[in-house]
Peer 1: 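Quick one: this structure, given as structure tokens, is what I'll be asking you about.
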Amino acid sequence: MSKKVLIVGGGFAGVWGALSAARLLDQQGKTSADVEVTLVSPQPALHIRPRLYEPSPEDMSAPLLPLLDAIGVHFVEGSVTEIRTGARQVDVIATNGARRTLPYDRLLLTSGSKLFRPPVPGLSEHAFSVDQLDDAVALDKHLAGLASLPETPARNTVVIAGGGFTGLELATELPPRLKRALGANAKISVIIVERAGKVGADLGGNPRPVIVEALQSLGVEYRSGTAVASIDAGGVVTDSGERIEARTVVWTAGMRASSLAAQVSSSLDSLGRVDVTLDLRVVGTEHVFAAGDVARALTDEQGHYALMSCQHAIFMGRFGGHNAVADLLGVPTLEYRQLFYATCLDLGEWGALYTEGWDRQIKLTAAAGKERKREINTVWIYPPAPNRAAAFAAGDPLVTFG
């Protein structure tokens with residue numbers, strides 16, 4: 001009877017974990033008769049979540065079944081509701097409500113993260129987001145439908161709650177989208193409301209002048225040192241008491257790890273992530289590994305921890321899939337290390353900002369930065385095409401891109 005590796009989550013970490021698991025099995029001359037790898041996800045598709053701020057978000061999805069079939073990984077469509085580490089079982093509910101239990105010998109948790117939605121009055125009723133594919137599609141349809149409303153300042157205004165990476169990328173993408181929807185002569189207003197006292201606080205001081213230049217060039221306003229306190233159908237009120245009339249409010253403020261993380265460990269950081277060992281094993285649970293947004297993983301000897309980003313999720317997924325299989329086969333596991341770190345912030349029609357290093361040294365800006373962003377979006381973060389998957393699985397996915 002074959003041993004079982006179960007991967008929970010079909011995002012970047014999960015997909016690359018499946019590829020890496022298949023690679024090691026191929027290298028060791030093993031088949032599914034020896035080790036059966038199964039990926040569980042609500043849909044047989046990889047949603048390109050980092051690009052959901054762009055227009056036409058319905059196109060930001062890639063089918064998974066051809067890829068998984070090509071590398072011999074099974075797929076179960078459904079959502080994991082419970083992980084019982086003592087019994088080495090997970091409970092899964094399908095979209096039609098059917099329930100089943102799946103056993104495992106090794107588990108790789110890659111269930112990702114979700115947008116943090118605090119109890120702000122009106123947030124759930126009146127705010128949009130670009131957190132998941134359905135959220136982004138709903139926002140896109142709303143923006144397209146604004147033209148049917150009477151022209152008012154509120155109709156032409158979008159408030160972005162949160163000025164982090166996602167908030168900046170969405171805000172700088174919006175001016176041309178609003179112009180297309182409302183007309184070239186419409187007096188549009190895009191306003192970022194950010195609790196931190198400075199623009200792009202999480203990105204540090206080096207990129208800030210470039211970000212400010214891009215925002216000013218695009219006419220995007222930035223209200224720092226204040227936060228959205230309440231939301232209604234006609235706009236927002238900030239905690240400083242300012243009222244901003246807006247028919248569109250988008251919440252982008254913060255992420256939290258999947259709640260499944262709390263089912264495999266009682267030790268969580270402030271983002272809900274589990275602590276993992278150097279080989280991505282959940283601390284205190286020998287047969288469970290974690291990768292991506294659910295894992296608080298050390299990336300280097302300088303004390304840097306992985307961020308909730310596809311850049312880290314892809315690389316962690318590779319190590320996680322490899323190590324889950326290696327542990328079953330008695331092969332030495334690998335210590336996760338990711339020494340190279342870069343950021344590429346899309347800034348709409350102005351261009352993009354590309355930096356390298358944890359101190360974010362600027363390397364490319366404007367048009368040159370935009371070209372690097374296109375390379376990242378179209379080459380670096382996608383899994384191999386199905387007709388190349390088998391060759392990839394036999395190669396080495398533990399190397400950096402580019």
Side-chain angles (χ1 to χ4, degrees), residues 49 51-58 113-183 186-197 199-202 211 215 218-256 346-348:
R49 193 179 180 196
R51 297 185 63 186
L52 292 181
Y53 66 91
E54 297 182 25
S56 304
E58 63 275 5
S113 61
K114 289 188 176 181
L115 180 66
F116 176 56
R117 290 179 168 90
V120 172
L123 191 157
S124 60
E125 299 90 348
H126 302 294
F128 293 89
S129 81
V130 291
D131 183 44
Q132 304 295 325
L133 184 63
D134 290 346
D135 299 326
V137 169
L139 174 61
D140 202 47
K141 290 180 178 178
H142 168 79
L143 294 175
L146 288 174
S148 64
L149 301 178
E151 183 170 3
T152 63
R155 184 201 70 164
N156 294 357
T157 299
V158 177
V159 171
I160 309 294
F165 212 94
T166 301
L168 288 168
E169 291 198 316
L170 176 63
T172 53
E173 178 71 36
L174 279 175
R177 288 172 72 177
L178 291 170
K179 290 287 187 180
R180 286 194 295 271
L182 303 177
K187 295 181 179 180
I188 65 168
S189 179
V190 178
I191 303 170
I192 299 173
V193 178
E194 166 57 41
R195 183 184 301 275
V199 171
D202 291 343
I211 296 171
L215 295 177
L218 297 167
V220 175
E221 299 179 48
Y222 198 102
R223 310 281 176 84
S224 58
T226 188
V228 170
S230 65
I231 307 168
D232 56 52
V236 306
V237 176
T238 69
D239 59 9
S240 63
E242 180 187 9
R243 169 78 184 181
I244 304 174
E245 300 292 337
R247 292 301 299 266
T248 309
V249 179
V250 188
W251 189 268
T252 70
M255 306 298 295
R256 294 294 184 273
D346 196 346
L347 293 169

Peer 1: Assess the residue pair E58 and D140 against the criterion (side chain to side chain contact (heavy atoms under 4.5 Å, CB included)); give the C-alpha distance rounded to whole Å, side-chain angles, the decisive distance to 0.1 Å, and a yes or no.
Peer 2: CA-CA 9 Å; E58 63 275 5; D140 202 47; 4.3 Å; yes
Peer 1: Does the T252 side chain pair with the main chain of A161, one donor and one acceptor, at a distance under 3.5 Å?
Peer 2: yes
Peer 1: Please enumerate all residues that pass side chain to side chain contact (heavy atoms under 4.5 Å, CB included) together with K114, with sequence neighbours excluded.
Peer 2: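 In terms of side chain to side chain contact (heavy atoms under 4.5 Å, CB included), with neighbours along the sequence ignored, K114 is linked to D131, Q132.
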Peer 1: State, yes or no, whether a side-chain contact exists between L178 and L146 at a heavy-atom distance under 4.5 Å.
Peer 2: yes
Peer 1: Salt bridge check: are D346 and R51 linked by an N-O gap of less than 4.0 Å?
Peer 2: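 Between R51 and D346 there is no salt bridge, as every charged N stays at least 4.0 Å from the carboxylate O atoms.
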Peer 1: Flag the pair L215 / L168 as yes when at least one side-chain heavy-atom distance between them is below 4.5 Å, and no otherwise.
Peer 2: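 In short, these two side chains touch, coming nearer than 4.5 Å.
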Peer 1: Above 12 or not: heavy atoms from other molecules or residues under 6.0 Å from CZ of R195?
Peer 2: no
Peer 1: Which distance, rounded to the nearest 0.5 Å, do you find between the CD of E245 and the CZ of R155?
Peer 2: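 These two atoms lie 15.0 Å from each other.
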Peer 1: Would you find a donor on one side and an acceptor on the other, under 3.5 Å apart, between the side chain of W251 and the backbone of F116?
Peer 2: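 Flag set: sc W251 to bb F116 pair under 3.5 Å.
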Peer 1: Ignoring hydrogens and angles, state whether a donor on the side chain of R49 or S113 is under 3.5 Å from an acceptor on the partner side chain.
Peer 2: yes
Peer 1: If every non-hydrogen atom of V120 is compared with every non-hydrogen atom of A229, which pair is closest and at what distance?
Peer 2: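 What the structure gives for the nearest pair is CG1-O, 3.4 Å.
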Peer 1: Apply side chain to side chain contact (heavy atoms under 4.5 Å, CB included) to D202 and E194, showing your working.
Peer 2: CA-CA 11 Å; D202 291 343; E194 166 57 41; over 6 Å; no
Peer 1: To the nearest 0.5 Å, tell me how far E169 CD sits from L174 CG.
Peer 2: 12.0 Å
Peer 1: Return the minimal non-hydrogen interatomic distance between T248 and H142, and the atom names on each side.
Peer 2: OG1-NE2, 2.7 Å
Peer 1: Measuring from R177:CZ to L170:CG, what's the distance to the nearest 0.5 Å?
Peer 2: 6.5 Å
Peer 1: Output all residues satisfying side chain to side chain contact (heavy atoms under 4.5 Å, CB included) with A186, sequence neighbours left out; order by chain, then residue number.
Peer 2: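 Side chain to side chain contact (heavy atoms under 4.5 Å, CB included) check on A186 returns N156, L182, I188.
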Peer 1: CG of L52 to OG1 of T166: how many Å apart, nearest 0.5 Å?
Peer 2: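 Answer rounded to 0.5 Å: 9.5 Å.
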Peer 1: How about D232: does its CG atom have over 12 heavy atoms from other parts shown lying under 6.0 Å from it?
Peer 2: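 Atom CG in D232 is crowded, with more than 12 foreign heavy atoms closer than 6.0 Å.
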Peer 1: Between atom NE2 of H126 and atom CD1 of I231, what is the distance when rounded to the nearest 0.5 Å?
Peer 2: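 Rounded to the nearest 0.5 Å, the NE2-CD1 separation comes out at 8.5 Å.
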Peer 1: Provide the closest heavy-atom pair for A181 versus A147 in the form atom of the first, atom of the second, distance.
Peer 2: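 Looking at all heavy atoms of both residues, the closest pair is O-CB, 3.3 Å.
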Peer 1: Minimum heavy-atom separation for G145 to S148, with atom names?
Peer 2: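 Answer, listing the atom of G145 first, then S148: O-OG, 2.6 Å.
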Peer 1: Verify the neighbour count for atom NZ of K179: are there more than 12 heavy atoms of other residues, nucleotides or ligands below 6.0 Å?
Peer 2: yes
Peer 1: Can you name the closest pair of heavy atoms from P57 and L133 and give their distance?
Peer 2: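 Heavy atoms of P57 and L133 come nearest at O-CD1, 2.9 Å.
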Peer 1: Do K187 and P153 make a side-chain contact, defined as non-hydrogen atoms from C-beta onward lying under 4.5 Å apart?
Peer 2: no
Peer 1: Show which side-chain atoms of residues 219-226 pair as donor or acceptor with protein atoms under 3.5 Å away, not counting sequence neighbours.
Peer 2:
unit_1, atom_1, unit_2, atom_2, d
E221, OE1, R223, NH2, 2.9
E221, OE2, S189, OG, 3.4
Y222, OH, G200, N, 3.4
R223, NH1, E242, OE1, 3.0
R223, NH1, E242, OE2, 2.5
S224, OG, G197, O, 3.3
T226, OG1, D239, OD1, 2.7

Peer 1: Working to the nearest 0.5 angstrom, can you tell me the gap between Y53 OH and I160 CD1?
Peer 2: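 CD1 of I160 is found 13.5 Å from OH of Y53.
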Peer 1: Can you name the nearest heavy-atom pair linking A253 to G162, along with the distance?
Peer 2: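 Scanning both residues completely, I find the closest heavy atoms to be CB-CA, 4.2 Å.
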